Visitor: 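Let me begin by handing over the structure; questions about it come next.
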Amino acid sequence: MTQNFFQTFILLLLVTDPFGNVPLFASVLNPVAPARRSRIVIRECAIAFVLLLVFMFFGRHFLSALQLSEVSLRIGGSVILLLIAIRMIFPHPDGVLGRTEGGEPFIVPLAIPALAGPSALATVLLFSRESTGEVLVHVAALAAVGVVWLAVFLGAERLQNALGPQVMTAFERLMGLILTAMSIEMLLGGIREFVKSL
């Protein structure tokens, strides 16, 4: 069971990629007053955690009720990621996802798709097939990953200050390039699954 916990923990850590999302969080939170940043990080991490938890237990029923396939979720999420990646590479005056009311991000893009993106949602959907005992281990692993999110993103500003704006800008554009490749790969994977289903 311990081995299963660590395998799930590593898998969820890789698909949610908190370290790779540091530039995105730093960029999106840049226009927000420093006093509110930690609250927003906690709120967005909590939203992502709850969403992944809900998908772990009820994701298949939700998609069936809306007559949506996992393929459509994957393709739609990849398009959103591609748009975010393009704005990371070619900065826009309004920020990564345009202007937000009051300068604060809400749900998009931090909770979704940065943390609870298509890969993470698809991963937890697979967990819903398993026994109750195994699902509880997966819930514990997700909670542990949530703690890592908080530790990384609450320290993101200090990391940004330590490295300096030029290094962080270069890192953000590099991550934008990697995110572009990941989103295209996700899109192609979704198209391949769709073609197979015809």
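As the structure is a computational prediction, the values presented were derived from the model and not from experiment.
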Visitor: Taking a hydrophobic cluster as the set of Ile, Leu, Val, Met, Phe, Trp and Tyr residues connected by side-chain heavy atoms closer than 4.5 Å, whether directly or through intermediates, do Leu198 and Leu187 fall within one such cluster?
Guide: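 Yes, same cluster.
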Visitor: Please say yes or no: joined through hydrophobic side-chain contacts below 4.5 Å, possibly via intermediate residues, are Phe194 and Leu188 part of one cluster?
Guide: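 No, Phe194 and Leu188 fall in different hydrophobic clusters.
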Visitor: Which value, rounded to the nearest 0.5 Å, describes the distance between Phe106 atom CZ and Ile112 atom CD1?
Guide: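 If we round to the nearest 0.5 Å, Phe106:CZ and Ile112:CD1 are 10.0 Å apart.
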Visitor: Indicate if Val195 and Val79 have the same hydrophobic cluster label, given that clusters are the connected sets of ILVMFWY residues with side-chain heavy-atom separations under 4.5 angstrom.
Guide: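 No, Val195 does not connect to Val79 through the hydrophobic network.
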Visitor: Less than 4.5 Å apart, side chain to side chain, heavy atoms only: is that true for Ile42 and Phe153?
Guide: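 Result no, sub-4.5 Å side-chain heavy-atom pair not found.
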Visitor: I need the Leu115 CG to Leu121 CG distance, nearest 0.5 Å.
Guide: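 Nearest 0.5 Å value for the CG-CG distance: 11.0 Å.
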Visitor: Please report the closest heavy-atom contact between Leu29 and Arg37, naming both atoms and the distance.
Guide: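 That would be O-NE, 3.2 Å.
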Visitor: Is there any side-chain hydrogen bond (donor to acceptor under 3.5 Å, both in side chains) pair reaching into residues 139-154, and which pairs are they, with sequence neighbours excluded?
Guide: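 side-chain hydrogen bond (donor to acceptor under 3.5 Å, both in side chains) check on residues 139-154 returns Thr16-Trp149.
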Visitor: Could you give the distance from CG (Asn4) to NE2 (His138), rounded to the nearest 0.5 Å?
Guide: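 If I round to the nearest 0.5 Å, the distance is 5.5 Å.
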Visitor: Rounded to the nearest 0.5 Å, how far apart are CG of Leu11 and CZ of Phe6?
Guide: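 So the gap between those two atoms works out to 14.5 Å.
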Visitor: If you look at every heavy atom in Arg158 and Leu154, which pair is closest and at what distance?
Guide: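 Smallest interatomic distance, heavy atoms only, reads NH2-O, 3.9 Å.
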Visitor: Between Leu13 and Val145, what is the shortest heavy-atom contact and its length?
Guide: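 Here Leu13 and Val145 meet closest at N-CG2, 4.1 Å.
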Visitor: Please list, one pair per line, the donor and acceptor atoms closer than 3.5 Å that link side chains of residues 44-57 to other protein atoms, with sequence neighbours excluded.
Guide:
residue, atom, partner, partner atom, Å
Glu44, OE1, Ile107, N, 2.9
Glu44, OE1, Ala111, N, 3.4
Glu44, OE2, Ile107, N, 3.3

Visitor: Just verifying a value: how many Å separate Ile40 CD1 and Phe25 CZ, rounded to the nearest 0.5 Å?
Guide: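 Here the interatomic distance stands at 10.5 Å.
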Visitor: Tell me every residue that passes side-chain hydrogen bond (donor to acceptor under 3.5 Å, both in side chains) with Glu185, counting only those two or more places apart in sequence or in another chain.
Guide: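 Arg192.
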Visitor: Examine Phe58 and Val124 and state if one hydrophobic cluster contains both, with Ile, Leu, Val, Met, Phe, Trp and Tyr joined whenever side-chain heavy atoms are less than 4.5 Å apart.
Guide: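 In one cluster with Phe58: Val124, yes.
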